[in-house]
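Take a look at the structure set out below.
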Amino acid sequence: MEKSISVGILGLGTVGSGVIQIIEGHQKELIHQVGCPITVEKVLVRDINKPRSVEIDEEKLTEKAEDVYANPEVDVVIEVMGGIKEAKEYIIQALQHKKNVVTANKDLMALHGAELLRLASENNCDLYYEASVAGGIPIIRTLVEGLSSDRITKMMGIVNGTTNFILTKMSKFGSSYDEVLKEAQELGFAESDPTSDVEGLDAARKMAILATLGFSMDIDLEDVVVRGITTVTTDDLHYCEQLGYTLKLIGIAERNEGRVEVSVQPTLLPNEHPLSAVNDEFNAVYVYGEAVGETMFYGPGAGSLPTATSIVSDLVTVMKNMRLGVTGRSITAPLHEKQLKTDEEIESKYFLRLHVADKAGTFSSITSLFAEHDISFEKLLQLPIEETELAEIIIITHQTTKKTYENIYKRLNELDVVQSVESSYRVEGGK
Ligand code: NAP
Ligand code: HSE
């Protein structure tokens, strides 16, 4: 048998512990794949005295990052410490020391992925990051390899488990937002500061990574339009259900004639759409390719062992590349220049919930405004609001441009008969 391959790990928290469990627990299968044992040489932690959830020889723990990235015994560095500044610095050091790198760090890859991939290539090293999007779902490998012969035109993803868990519980059990967020934190899906989950930033980072790969175009985080779920109410969820829709936090990446849009926002999907059935903390990515048609990839988006599975699979790929002497060759520069759609080119249907004066003329003011913009209604619901002189109107529009919709939205707020626009969401469903 060949000499073993040694791994250095930056971080031994939820994911790092899973990596050690998989490397140790699946050694027989791993040897069969790569032809030699895998050993863990050094592991960076903040505090070596902290109790650990996996058994590890104390001598392997270190509080000095250079013991990992500059260690002559280490062949591959696995970065599972999170954060941006130090993680970036240590990955750069590892690549400059000619170590291959595997990371689960979506924050880092969404912001500095292009730069790090270039550096990896210059050093003939691999840099893989499957676990950075949708934890245990091999979606990056699917885009880069499985669907590489096709032209992808649309991706829609439920790529944040925390928000999917919150919306599922609010919708199914009428639970309050705060109550369910607390439950998600206790169950460990949410980030330590859940702001990036609920404000949509975590999903935006993942969509920037997916869009870059799926469209072979450098999509930056700031190209992603982001809206989280903090304003979603149980009333909204109730009306969606009544109209045959499910409200999810959806990352949308769409390409038409070479121009793309990427966004993350609460979105209504028809109940029969495959993403509508993705509940609780599960993730799924729907991919439409011109040749293949509709595909969908479903699974756990977080958690120690699911995420570690993706990391160790990346490690297997790196080891196979090392054996063939081809590390650093799989990294390709984007094929297309970035071209983002304008608001006149982004088309969608919309859901609106209005509180209006319950009197003659209200309805005609609203319909006139929509007619003026040449938008018709697909669905409409009007209900009195008990013990008030107000009514609630729920509208689902036909397809229109984002530009026109934003204009209507502004004008609705200015109408005397409209007391408030309570909520407004994008509606999806097609390819
Ligand atoms: P975590 O539980 O907080 O673990 C972080 C580990 O890194 C800890 O062992 C910590 O040491 C160590 N660490 C952090 N900063 C350090 C520093 N400056 N110097 C030395 N050690 C440091 O995090 P996690 O949940 O495993 O997540 C790790 C990465 O995986 C993140 O990038 C995350 O976004 C990504 N990810 C996580 C999941 C998931 O389900 N958790 C899923 C997909 C991707 P101590 O233990 O001594 O504090
Ligand atoms: N906080 C993230 C989520 C963890 O809820 O999906 C996985 O990236």
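In each ligand, atom 1 is the first atom listed, and ligand 1 is the first ligand listed. Residue indices begin at 1 and follow the sequence shown.
For Lys88 and Glu115, the salt-bridge test passes: some basic side-chain N is under 4.0 Å from an acidic carboxylate O. Ion pair Glu63/Arg46 not flagged as a salt bridge, since none of the NZ, NE, NH1 or NH2 atoms sits closer than 4.0 Å to an Asp/Glu carboxylate oxygen. For Asp67 and Lys42, the salt-bridge test fails: no basic side-chain N is under 4.0 Å from an acidic carboxylate O. A salt bridge links Lys349 with Glu378: the closest approach of a Lys/Arg side-chain nitrogen to an acidic carboxylate oxygen falls below 4.0 angstrom. Residues Asp314 and Arg141 are paired through a salt bridge, judged by an N-O separation under 4.0 Å between the basic side chain and the carboxylate. Using a 4.0 Å cut-off between a side-chain N of Lys or Arg and a carboxylate O of Asp or Glu, Arg426 and Glu261 qualify as a salt bridge.
Among the atoms of Thr162, some N or O lies under 3.5 angstrom from an N or O of ligand 2. At least one N or O atom of Leu12, backbone or side chain, sits closer than 3.5 Å to an N or O atom of ligand 1. For ligand 1, one of its N or O atoms has an N or O atom of Gly303 under 3.5 Å away. In terms of polar-atom proximity, defined here as any N/O pair under 3.5 Å, Phe189 does make such a contact with ligand 2.
Ring-plane geometry between Tyr350 and Tyr405 is classed as parallel, the angle between the planes falling under 30 degrees on a 0 to 90 degree scale with a further cut at 60.
Residue Gly11 approaches ligand 1 through these ligand atoms, each under 4.0 Å from one of its heavy atoms: 6 (C), 7 (O), 9 (O), 12 (C). Remark: ligand 1 atoms within the under-4.0 Å shell around heavy atoms of Arg52 are 9 (O), 45 (P), 46 (O), 47 (O). Counting the atoms of ligand 2 from 1 in the order shown, those under 4.0 Å from a heavy atom of Gly161 are 3 (C), 5 (O), 6 (O). Distances below 4.0 Å separate heavy atoms of Lys106 from the following atoms of ligand 1: 34 (O). Taking every heavy atom of Ala302 and a limit of under 4.0 angstrom, the matching atoms of ligand 1 come to 40 (O). For ligand 1, the atoms sitting less than 4.0 Å from at least one non-hydrogen atom of Glu86 are 18 (N), numbered in the order shown with element in parentheses.
One side chain, Ser330 or Tyr128, offers a donor N or O that lies under 3.5 Å from an acceptor on the other. Under the 3.5 Å distance criterion, with hydrogens and angles disregarded, no donor-acceptor pair is assigned to the side chains of Glu130 and Ser310.
If you look at Met81 next to ligand 1, the close heavy atoms, those under 4.0 Å, come from the backbone and the side chain alike. At a 4.0 Å heavy-atom cut-off, ligand 1 touches Thr14 through backbone and side chain alike. Residue contacts with ligand 1, taken as heavy atom pairs separated by less than 4.0 Å, involve Arg46 via backbone and side-chain atoms alike. With a 4.0 Å heavy-atom cut-off, ligand 1 is reached by the backbone of Ala131 but not by any atom from C-beta on.
Distances from atom 3 (O) of ligand 1 to the protein include no heavy-atom value under 4.0 Å. Protein heavy atoms are absent from the 4.0 Å sphere centred on atom 23 (O) of ligand 1.
In this structure, the ring of His273 has its center less than 6.0 angstrom from the ring center of Tyr286.
Checking Ser310, Gly161, Gly82, Gly136 against atom 31 (C) of ligand 1, the nearest heavy atom belongs to Gly82.
From Glu29, atom CD reaches atom CD of Gln33 across 9.0 Å, with rounding to the nearest 0.5 Å.
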